[in-house]
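Worksheet: one structure, shown below.
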Amino acid sequence: MRKKFLLKILILTLCLISCNEKKEKDLEVKNYTTEIIGDTLIVNETKNNIENYKIRYKSKKYNVKVEKDCDLNKDGQMDKIIIFEPSEIANNKLTKESTVCVFIKKKKDYDVYENKNIIYTSFFNSMAEGLQDLVVKDNYFTFEENNQAGDIRGNYYITFKYDLKSKEIILHKYSIELISIDGENDKTFTYDNTVFGKILFKNFDIDAIKAEISN
C-alpha cells in the first residue's frame, strides 16, 4: 500500500511539473506575439521586445547605427527611434538598405513604424557622406545627410512630425542646402505639404520626393 501511495504522489508531482512548463511556454509565445491592426504593427509588450527587434535585425546582418530616446506623442512615456544599417555594404555603392524603426509606447504595447526608403546607407570609404545625425525635438525628428558632388556639397534635411491630433507620423518638410567652395552660389530650398500633400511616414520614399521636385 505504501508503495502504491508513493507512486501516486510521484505521478501527481510529474503532472504538476508538466502543466507548469506548458503554462510557461504558452506565456513565452504570447509575450512575443505580434499582430497587424490597420497599417500599424502592434507589438505585445515584454521586458525586452525592443531588444528582440535588435536581435531580429542582427540575425539579418544589421547593426544599430543610431538609437534615440524621445517622447514623440508627448504622453510622458518613453518612445524610441532606431536606425538599423546593414553590416556589409559594397564600397562606392549607394543603397537604401538602412531601416528606420519608430517605437511609440502605449499602455500595454508599442506602435512600431518601419521604413527603409528614407535614408541612404553611408559609404564605408567616405564617412562625410550619407547620414550624419538624427535630431529629435518635441514631436519632430530630422534626418541630416550630406553628399558631395564636385565642388558642391549638399546638406539634406528630412523632417517628420508626430501629429498629436491624428496620431500619425507625417512628413513635415524636406530641405536642401547647396554650398559651393567660393560661397557665391549657395542656395537653400524648402518643400512642405503644399508641394507634396500629406505623406505618411510608412509611404515616404526619398527617390520619389527627389523625382517630384526635379520636374
Side-chain angles (χ1 to χ4, degrees), residues 32-45 49-60 62-75 77-86 94-122 130-131 133-145 156-176 190-214:
Y32 293 97
T33 299
T34 62
E35 56 181 324
I36 301 294
I37 299 179
D39 295 321
T40 305
L41 176 67
I42 305 298
V43 181
N44 290 341
E45 183 179 20
N49 71 332
I50 291 180
E51 293 303 316
N52 293 335
Y53 245 78
K54 294 178 183 178
I55 292 171
R56 191 184 79 181
Y57 271 94
K58 185 176 182 180
S59 69
K60 298 178 181 180
Y62 277 74
N63 298 323
V64 173
K65 180 176 179 64
V66 177
E67 181 174 348
K68 291 261 181 150
D69 292 332
C70 50
D71 184 10
L72 293 176
N73 58 352
K74 312 305 293 179
D75 65 350
Q77 299 188 89
M78 189 64 70
D79 306 319
K80 191 179 286 289
I81 304 173
I82 301 179
I83 300 175
F84 295 97
E85 184 176 73
L94 195 62
T95 60
K96 290 187 302 182
E97 295 296 334
S98 294
T99 304
V100 179
C101 294
V102 181
F103 299 84
I104 302 296
K105 185 71 174 68
K106 301 297 183 181
K107 289 183 179 179
K108 295 184 178 180
D109 51 37
Y110 285 88
D111 286 351
V112 184
Y113 303 82
E114 296 186 55
N115 189 318
K116 64 179 295 184
N117 294 314
I118 297 176
I119 60 175
Y120 288 104
T121 300
S122 302
L131 181 70
D133 199 5
L134 169 61
V135 178
V136 183
K137 184 177 181 180
D138 296 326
N139 56 318
Y140 295 83
F141 57 99
T142 300
F143 301 93
E144 299 182 355
E145 292 187 275
Y156 303 90
Y157 305 93
I158 306 169
T159 301
F160 291 92
K161 76 171 183 178
Y162 184 92
D163 191 299
L164 300 176
K165 292 183 179 180
S166 66
K167 301 186 185 304
E168 298 171 311
I169 301 177
I170 60 177
L171 178 66
H172 177 59
K173 64 180 179 179
Y174 174 57
S175 302
I176 305 172
T190 299
Y191 308 91
D192 56 19
N193 59 6
T194 61
V195 177
F196 305 122
K198 180 180 177 179
I199 299 180
L200 296 175
F201 175 87
K202 69 184 183 70
N203 295 330
F204 181 89
D205 188 320
I206 186 58
D207 288 342
I209 292 294
K210 289 182 177 181
E212 185 168 347
I213 64 177
S214 65

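This is a predicted model, so every value here is computed, not measured.
- Here V66 pairs with K68, I83, L131, L134 under the side chain to side chain contact (heavy atoms under 4.5 Å, CB included) rule; sequence neighbours left out.
- Other residues, nucleotides and ligands contribute over 12 non-hydrogen atoms within 6.0 Å of the NZ atom of K54.
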| task | May I have the step-by-step check of side chain to side chain contact (heavy atoms under 4.5 Å, CB included) for V135 and Y140, ending in yes or no? | result | CA-CA 8 Å; V135 178; Y140 295 83; over 6 Å; no
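- Proximity of a side-chain donor or acceptor of N63 to a complementary backbone N or O of E85 within less than 3.5 Å is not detected.
- Residues meeting the side chain to side chain donor-acceptor pair (under 3.5 Å) test with D133, sequence neighbours left out: none.
- In this structure, Y57 OH and N52 CG are separated by 13.5 Å, a value rounded to the nearest 0.5 Å.
- Scanning for salt bridge (Lys or Arg N to Asp or Glu O under 4.0 Å) contacts around K210 gives an empty result, with sequence neighbours left out.
- With sequence neighbours excluded, no residue forms a ring-ring contact (aromatic ring centres under 6.0 Å, His included) with F196.
- For the atom pair CE of M78 and CD1 of I50, the computed distance is 10.0 Å after rounding to the nearest 0.5 Å.
- Side-chain contact between N73 and K106 is present, with heavy atoms from C-beta onward closer than 4.5 Å.
- Atom CD1 in I81 sits 7.5 Å away from atom CD1 in I104 (nearest 0.5 Å).
- Between E212 and Y174, the side chains place no donor N or O within less than 3.5 Å of an acceptor N or O (distance only, hydrogens not considered).
- Evaluation of the salt bridge (Lys or Arg N to Asp or Glu O under 4.0 Å) rule for K58 yields no partner, not counting sequence neighbours.
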Distance-only criterion, 3.5 Å: show the donor-acceptor pairs between side-chain atoms of residues 159-171 and protein atoms not counting sequence neighbours.
| from | atom 1 | to | atom 2 | distance (Å) |
| --- | --- | --- | --- | --- |
| T159 | OG1 | T142 | OG1 | 2.8 |
| D163 | OD1 | K165 | N | 2.9 |
| D163 | OD1 | S166 | N | 2.9 |
| D163 | OD1 | S166 | OG | 3.4 |
| S166 | OG | E168 | OE1 | 3.1 |
| E168 | OE1 | K198 | NZ | 2.6 |

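- In this structure, CG in N193 is found 8.5 Å from NE2 in H172, a value given to the nearest 0.5 Å.
- Looking at heavy atoms from C-beta onward, F204 lies in side-chain contact with I158 at the 4.5 angstrom threshold.
- With sequence neighbours excluded, the residues forming a side chain to side chain contact (heavy atoms under 4.5 Å, CB included) with K60 are R56, Y62, listed by chain and number.
- In this structure, CD1 on I199 lies 3.5 Å from CD1 on I209, to the nearest 0.5 angstrom.
- Shown here are the salt bridge (Lys or Arg N to Asp or Glu O under 4.0 Å) partners of D75, two or more places apart in sequence or in another chain: there are none.
- For D205, the salt bridge (Lys or Arg N to Asp or Glu O under 4.0 Å) partners are K96, not counting sequence neighbours.
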| field | Residues Y53, C101; criterion side chain to side chain contact (heavy atoms under 4.5 Å, CB included); working and verdict | value | CA-CA 9 Å; Y53 245 78; C101 294; 4.2 Å; yes
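- For D69, the side chain to side chain donor-acceptor pair (under 3.5 Å) test picks out K80, with sequence neighbours left out.
- Here Y191 contributes atom OH and I176 contributes atom CD1; the two are 5.0 Å apart, rounded to the nearest 0.5 Å.
- Ring orientation note: the planes of Y110 and F103 are nearly perpendicular, at an angle over 60° on the 30°/60° scale.
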| field | From CA spacing to verdict: side chain to side chain contact (heavy atoms under 4.5 Å, CB included), V64, F84 | value | CA-CA 5 Å; V64 173; F84 295 97; 3.8 Å; yes
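- N115 is linked by a side chain to side chain donor-acceptor pair (under 3.5 Å) to nothing, counting only residues two or more places apart in sequence or in another chain.
- Taking each heavy atom of V100 and F143 in turn, the nearest pair found is CG1-CZ, 3.7 Å.
- With sequence neighbours excluded, the residues satisfying side chain to side chain donor-acceptor pair (under 3.5 Å) with Y157 are E177.
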